[in-house]
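Working notes, beginning with the structure itself.
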2 protein chains.
Amino acid sequence: MKYCSISEAAAKFNVPESTLRYYEKKGLLPLIERDEAGRRLFSEDQIALLETVIRLKNTHMPINSIKQYLDWILEGENTIALRLDMMRNHKQAVLDEISLMKEALIGIDVKITRYTTVLSKENMEKRN
Amino acid sequence: MKYCSISEAAAKFNVPESTLRYYEKKGLLPLIERDEAGRRLFSEDQIALLETVIRLKNTHMPINSIKQYLDWILEGENTIALRLDMMRNHKQAVLDEISLMKEALIGIDVKITRYTTVLSKENMEKRN
DNA sequence: TGTTGACTTAAACCATGGTTTAAGTCGTAT
DNA sequence: ATACGACTTAAACCATGGTTTAAGTCAACA
């Protein structure tokens, strides 16, 4: 197995190292190993788990909920129904949020169009 | 012109009244009028402006930026180029965020599929 | 006339999600 | 040998975006 350092893990996901330390403290990176000097070692499994964490973070799942999800993973197969339920609910929340944003984008596009028109008219007058 | 109270405005956009008071304090609701008793009066123009604020909020524009935008609106026509630029940049940021979320959703769907499969296999075994 | 209910304010409080600091420990290249 | 860079910790600090509280004003209704 290949292990990587905190700086490599941080680079891989483009987050500060301090964030990874913070996540570990919050229970979002359980079972991280250490070398003899006390440095964190990210195994491939840990990297995969971190990817999941970052995915959930990117979809605005609160840290407490992410922790709950990870706790269920650690607990084993008998939490799969709970995890499935959580992921389904979360998926719907994300879809709702995307809808909200897309609807807001329509209003923003109206402004862009209006401002563009005003500016192009101004320019036409200047040229006359 | 029809005016509405803070409770009506709050109901219209489904936000707490306290949020509207907070927004006014932050400069996001400039020029709100008051009746003789000091109560806020939201004109139709104000409601339209509030709709814009909420639209920007729904697309995660920070309050300081929303304030900058409103300040430009108050300043008049000679800030249109600035507003256009801001809206274009913001639109791109929103599109980027939506992309990120959609990509994360793919990973979430993988989990949902996997958990679903596991559970349905379990159920098949139970029936045997 | 008095008591609700809707409103007002300033200030305190809170949750979330990190970031920064200070002090110290290693491994390694010079 | 030493100095540098990468790492460690706990604790303090910070920004953002509100929410809550306490104390008061006012209009309208019984």
Side-chain angles (χ1 to χ4, degrees), chain A residues 3-43 46-47 50 52-70 90 93-94 97 100-101 104, chain B residues 3-43 46-47 50 52-70 90 93-94 97 100-101 104:
Chain A
Y3 287 93
C4 69
S5 68
I6 194 172
S7 61
E8 290 167 329
K12 196 164 301 201
F13 295 103
N14 200 29
V15 294
E17 299 175 15
S18 62
T19 299
L20 297 183
R21 296 196 186 100
Y22 170 72
Y23 284 177
E24 192 192 20
K25 189 158 40 176
K26 286 295 194 169
L28 268 46
L29 301 175
L31 313 176
I32 288 275
E33 300 173 59
R34 307 294 173 116
D35 68 7
E36 318 74 45
R39 280 169 264 164
R40 287 167 185 80
L41 292 175
F42 289 75
S43 69
Q46 292 297 332
I47 293 290
L50 176 52
T52 297
V53 167
I54 293 208
R55 204 160 29 229
L56 295 176
K57 186 203 80 157
N58 284 344
T59 49
H60 309 144
M61 183 179 281
I63 283 185
N64 277 349
S65 306
I66 299 177
K67 171 156 172 43
Q68 171 69 93
Y69 178 66
L70 293 175
H90 182 57
V94 176
E97 195 182 346
L100 192 65
M101 295 180 80
Chain B
Y3 287 93
C4 69
S5 68
I6 194 172
S7 60
E8 289 167 331
K12 197 163 303 202
F13 295 103
N14 200 28
V15 294
E17 299 174 15
S18 64
T19 299
L20 297 182
R21 296 196 185 98
Y22 170 73
Y23 284 177
E24 193 192 19
K25 188 157 44 177
K26 285 296 195 169
L28 266 46
L29 301 175
L31 312 176
I32 289 275
E33 301 174 58
R34 307 295 173 114
D35 67 8
E36 319 75 43
R39 280 169 265 164
R40 288 166 184 81
L41 292 175
F42 290 75
S43 70
Q46 292 296 333
I47 293 291
L50 175 53
T52 297
V53 167
I54 293 207
R55 197 152 43 223
L56 295 176
K57 185 203 81 157
N58 282 345
T59 49
H60 308 146
M61 182 179 283
I63 284 185
N64 277 349
S65 307
I66 299 177
K67 171 157 173 46
Q68 171 69 89
Y69 178 66
L70 293 175
H90 182 57
V94 176
E97 195 182 346
L100 191 66
M101 294 179 81

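Lettering of chains follows the sequences in order, A, B, ..., and the numbering in each one begins at 1.
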Distance below 4.0 Å between A/Ser5 side-chain N/O and D/dA6 OP1 or OP2: no
Partners passing salt bridge (Lys or Arg N to Asp or Glu O under 4.0 Å) against B/Lys67 (at least two apart in sequence or in another chain): B/Asp71
A/Ser65: partners by side chain to side chain donor-acceptor pair (under 3.5 Å), with sequence neighbours left out: none
Partners passing side chain to side chain donor-acceptor pair (under 3.5 Å) against A/Lys12 (at least two apart in sequence or in another chain): none
Tabulated below should be each protein N or O lying under 3.5 Å from an N or O of nucleotides 15-18 of chain D; please produce it.
residue, atom, partner, partner atom, Å
D/dG17, OP2, B/Ile63, N, 3.3
D/dG18, OP2, B/Tyr23, OH, 2.9

Point-to-point distance, once rounded to the nearest 0.5 Å, from NE2 of A/His90 to CD1 of A/Ile66: 7.5 Å
Residue list, side chain to side chain donor-acceptor pair (under 3.5 Å) with B/Glu24, at least two apart or on another chain: B/Arg34, B/Arg40
B/Glu33 CD to B/Gln46 CD distance, which is reported to the nearest 0.5 Å: 7.5 Å
Distance (rounded to the nearest 0.5 Å) between A/Lys25 NZ and A/Leu20 CG: 13.0 Å
Worked check of side-chain contact (heavy atoms from CB on, under 4.5 Å) between B/Val53 and B/Tyr69: CA-CA 9 Å; B/Val53 167; B/Tyr69 178 66; over 6 Å; no
Separation of atom CD in B/Glu8 from atom C1' in C/dG5, rounded to whole Å: 14 Å
Exceeds 12 heavy-atom contacts within 6.0 angstrom, atom CG of A/Asp35: yes
Any residue meeting side chain to side chain contact (heavy atoms under 4.5 Å, CB included) with B/Leu100, in chain and number order, not counting sequence neighbours: A/Asn58
Nucleotide N/O to protein N/O under 3.5 Å, stretch nucleotides 9-14 of chain C:
residue, atom, partner, partner atom, Å
C/dT9, OP1, B/Arg34, NH1, 2.9
C/dT9, OP2, B/Arg40, NH1, 3.0
C/dT9, OP2, B/Arg40, NH2, 2.6

Degree of bending in the helix from C/dT1-D/dA30 to C/dT30-D/dA1 once both end axes are built from five pairs, to 10°: 10°
Pairing residues for A/Glu17 by the side chain to side chain contact (heavy atoms under 4.5 Å, CB included) criterion, not counting sequence neighbours: A/Ile6, A/Ser7, A/Ala10, A/Arg21
Phosphate contact (C/dC7 OP1 or OP2) by B/Ser7 side-chain N/O below 4.0 Å: yes
Separation of atom OH in B/Tyr3 from atom P in C/dC7, rounded to whole Å: 17 Å
Pairing residues for A/Tyr22 by the side chain to side chain contact (heavy atoms under 4.5 Å, CB included) criterion, not counting sequence neighbours: A/Lys26, A/Ile63
Results of side chain to side chain donor-acceptor pair (under 3.5 Å) for A/Tyr23 - residues two or more places apart only: none
Between the protein and nucleotides 21-30 of chain D, are there any N/O to N/O pairs under 3.5 Å, and if so, what are the atom names and distances?
none

